[in-house]
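FYI, side chains are in, hydrogens and waters are out, and symmetry mates aren't considered; it's all heavy atoms of this structure. Each chain gets a letter, A, B and so on, in the order its sequence line appears, and its residues count up from 1.
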Protein chains: 2
Amino acid sequence: MPGIRLSTSPWWQARFRGCGYRWTLGREAILEVLSKSEEHLSAEDIYLRVHPKYPNIGLTTIYRTLDILTDMGLVWKFDFGDGRARYELIEGSKKMHHHHLICKGCNRIVDYTEFIEEEKELVKKMQNSLSKKYNFKITSHIIQFYGFCSKCDKQKD
Amino acid sequence: MPGIRLSTSPWWQARFRGCGYRWTLGREAILEVLSKSEEHLSAEDIYLRVHPKYPNIGLTTIYRTLDILTDMGLVWKFDFGDGRARYELIEGSKKMHHHHLICKGCNRIVDYTEFIEEEKELVKKMQNSLSKKYNFKITSHIIQFYGFCSKCDKQKD
DNA sequence: CTCTTAGTGGAAATGGTTTTCATTATTAAT
DNA sequence: ATTAATAATGAAAACCATTTCCACTAAGAG
Ligand SMILES: [Mn+2]
Ligand SMILES: [Mn+2]
Ligand SMILES: [Zn+2]
Ligand SMILES: [Zn+2]
């Protein structure tokens with residue numbers, strides 16, 4: 001029944017078409033959710049947020065779309081160790097390049113952007129050197145710090 | 001049948017006992033395999049290598065032991081994106097602090113140790129600042145570069 | 001040696017993700 | 001607008017790495 005498309009279709013539509021993909025209601029709905037969230041959503045999280053407005057979109061479609069988005073380089077797929085993949089739009093309106101602090105106790109995730117400039121410099125240097133030495137075309141990197149948040153650190157016997 | 005223990009039991013035995021764990025045949029076998037490998041083994045990989053010599057040790061024990069080893073900080077648990085966890089002994093005889101290059105095409109993993117000194121410096125600085133700002137007790141970090149190895153880069157469409 | 005209980009293996013359960021397949025919807029061509 | 005070609009979809013089933021269960025075994029303190 002909800003067959004009417006949003007009048008303002010963001011730039012992803014063109015990006016999808018450019019990659020030879022069709023632009024569908026489901027993909028629009030998923031990107032809508034991703035772009036509005038500041039969190040690190042699981043496939044099911046996204047399904048749950050899409051469902052009220054678009055009850056016909058199945059979990060399978062969520063997974064398939066997330067795969068495509070990850071391949072296209074629009075979305076980051078993370079494993080934070082809680083048994084499900086988590087996704088985050090890369091080029092979210094205001095979201096900038098960042099990395100993560102992960103609590104091994106409660107799985108809380110903190111985005112941080114400190115030292116990004118210094119990091120970028122080092123990463124660029126490493127990337128150049130490593131890609132030559134190991135014949136690798138490097139496309140991205142992750143940096144993650146693991147530890148315990150204040151709450152979890154306290155309650156650790 | 002194989003009830004005789006190796007005469008030379010490495011230092012892990014003491015480490016295990018110190019943490020209140022018992023020292024068992026299975027744990028010895030698993031550490032033996034891990035310490036002899038330079039690779040990034042899955043639980044099943046380890047099971048397959050333990051099995052010929054110790055056919056009575058089950059996959060369940062492998063998982064349980066790897067959990068303990070990870071908690072104790074003796075083993076790194078990685079997700080390289082191929083659907084199974086991969087493990088690597090941290091304090092392996094000659095193995096030093098290193099990070100990984102991961103091929104998104106064939107999942108080849110390259111260990112690298114370049115720039116470790118510069119990285120250590122930056123990481124230390126970040127760790128200090130981040131742990132204060134976000135009230136996190138940071139215990140470890142990972143850095144991974146993703147891309148395509150020469151083989152996979154060629155055969156890409 | 002005896003006793004307590006941590007550790008174990010095999011089978012079954014779990015649960016996130018993928019596959020299958022008949023149906024639907026998008027797109028380009030008419 | 002209609003049509004044709006086929007990409008995309010949803011529901012159910014399959015998949016499969018990992019976890020749980022539970023009766024049994026063995027480590028190790030006393
Ligand atoms: Mn983030
Ligand atoms: Mn390694
Ligand atoms: Zn926490
Ligand atoms: Zn490759």
Side-chain angles (χ1 to χ4, degrees), chain A residues 1-6 9 12-31 40-48 50-51 54-72 75 77-87 107, chain B residues 1-6 9 12-31 40-48 50-51 54-72 75 77-87 107:
Chain A
M1 289 83 195
I4 301 148
R5 285 301 174 66
L6 275 66
S9 15
W12 315 304
Q13 182 175 341
R15 185 74 190 272
F16 256 77
R17 292 239 173 75
C19 293
Y21 294 113
R22 294 179 180 178
W23 185 244
T24 68
L25 228 203
R27 290 168 182 182
E28 180 168 302
I30 291 163
L31 275 161
H40 307 92
L41 303 171
S42 68
E44 197 190 0
D45 288 338
I46 297 170
Y47 174 77
L48 259 22
V50 164
H51 196 253
Y54 308 91
N56 305 326
I57 288 164
L59 187 52
T60 312
T61 293
I62 313 278
Y63 276 109
R64 281 188 287 230
T65 302
L66 287 170
D67 273 354
I68 291 174
L69 287 167
T70 304
D71 281 349
M72 291 200 314
V75 155
K77 179 180 184 179
F78 288 108
D79 168 45
F80 290 136
D82 66 342
R84 71 204 62 204
R86 304 214 158 252
Y87 303 85
N107 252 96
Chain B
M1 291 85 182
I4 302 148
R5 284 304 173 62
L6 276 65
S9 14
W12 315 305
Q13 182 174 341
R15 185 75 188 274
F16 257 78
R17 292 238 173 76
C19 292
Y21 294 113
R22 295 179 180 177
W23 184 244
T24 67
L25 227 203
R27 288 168 183 182
E28 181 168 301
I30 291 164
L31 275 162
H40 307 90
L41 302 171
S42 68
E44 197 190 359
D45 289 339
I46 296 169
Y47 173 76
L48 258 23
V50 163
H51 196 252
Y54 308 89
N56 305 326
I57 288 162
L59 187 53
T60 311
T61 293
I62 312 277
Y63 277 109
R64 280 188 288 230
T65 301
L66 287 169
D67 273 355
I68 291 174
L69 286 167
T70 304
D71 281 351
M72 292 200 312
V75 155
K77 179 181 184 178
F78 288 108
D79 168 46
F80 291 135
D82 66 342
R84 70 204 62 205
R86 303 214 158 251
Y87 302 85
N107 251 94

S.K.: Is there any protein nitrogen or oxygen under 3.5 Å from a nitrogen or oxygen in nucleotides 15-18 of chain C, and what are the pairs?
M.R.:
| residue | atom | partner | partner atom | Å |
| --- | --- | --- | --- | --- |
| dG16(C) | OP1 | Arg84(A) | NH2 | 3.1 |
| dT17(C) | OP1 | Ala85(A) | N | 2.8 |
| dT17(C) | OP2 | Tyr63(A) | OH | 2.4 |
| dT17(C) | O5' | Tyr63(A) | OH | 3.2 |

S.K.: Is any side-chain N or O of Arg27(B) closer than 4.0 Å to OP1 or OP2 of dA27(D)?
M.R.: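 For Arg27(B), the contact criterion (side-chain N or O under 4.0 Å from OP1 or OP2 of dA27(D)) is not met.
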S.K.: Could you check how far CZ of Arg64(A) sits from P of dA7(D), rounded to whole Å?
M.R.: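 Going from Arg64(A) (CZ) to dA7(D) (P), I get 14 Å.
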S.K.: Kindly write out the residues that satisfy ring pair (Phe, Tyr, Trp, His ring centres under 6.0 Å) with Phe80(B), not counting sequence neighbours, or none if the list is empty.
M.R.: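 Testing Phe80(B) for ring pair (Phe, Tyr, Trp, His ring centres under 6.0 Å), a comparison that skips the adjacent residues, returns His40(B), Phe78(B), His100(B).
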S.K.: Quickly work out the Asp79(A) CG to dA17(D) P distance and round it to whole Å.
M.R.: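 My rounded result for the distance is 15 Å.
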S.K.: Trp23(B) has an atom CH2; how far is it from atom P of dT5(C), in whole Å?
M.R.: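 Atom CH2 in Trp23(B) sits about 24 Å away from atom P in dT5(C).
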S.K.: Which heavy atom of Arg15(A) sits nearest a heavy atom of Met72(A), and at what distance?
M.R.: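 For Arg15(A) versus Met72(A), the nearest heavy atoms are NH2-O, 3.2 Å.
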S.K.: Check the distance between dG28(D)'s C1' and Arg17(B)'s CZ and give it to me in whole angstrom.
M.R.: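 Result: 8 Å.
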S.K.: Quick one: Tyr54(A) OH to dA25(C) P, roughly how many Å, whole number?
M.R.: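 Tyr54(A) atom OH is separated from dA25(C) atom P by 15 Å.
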S.K.: Please walk me through it: do Leu31(A) and Thr65(A) pass side-chain contact (heavy atoms from CB on, under 4.5 Å)?
M.R.: CA-CA 9 Å; Leu31(A) 275 161; Thr65(A) 302; 5.9 Å; no
S.K.: Between Arg86(A) and Asp45(A), does at least one N-O distance fall below 4.0 Å, as a salt bridge requires?
M.R.: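 Salt bridge present between Arg86(A) and Asp45(A).
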S.K.: dT19(D) P sits how many Å from Tyr47(B) OH, rounded?
M.R.: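 Rounding to the nearest Å, OH of Tyr47(B) and P of dT19(D) are 17 Å apart.
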S.K.: Check whether any side-chain heavy atom of Tyr87(B) lies under 4.5 Å from a side-chain heavy atom of Thr70(B), and answer yes or no.
M.R.: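 SC-SC contact between Tyr87(B) and Thr70(B) confirmed.
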S.K.: So among Ile30(B), Asp67(B), Leu41(B), which one has a side-chain contact (heavy atoms from CB on, under 4.5 Å) with Ile62(B)?
M.R.: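 Among the candidates, only Ile30(B) passes.
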S.K.: What integer distance in Å separates Phe16(A):CZ from dA7(D):P?
M.R.: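 Going from Phe16(A) (CZ) to dA7(D) (P), I get 16 Å.
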S.K.: I need the CD-P distance between Glu28(B) and dT8(C), as an integer number of Å.
M.R.: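 It works out to 12 Å between those atoms.
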S.K.: Nearest-nucleotide wise, let me know which of Ile68(A) and Arg22(B) is further upstream toward the 5' end of DNA chain D.
M.R.: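 Of the two residues, Ile68(A) wins.
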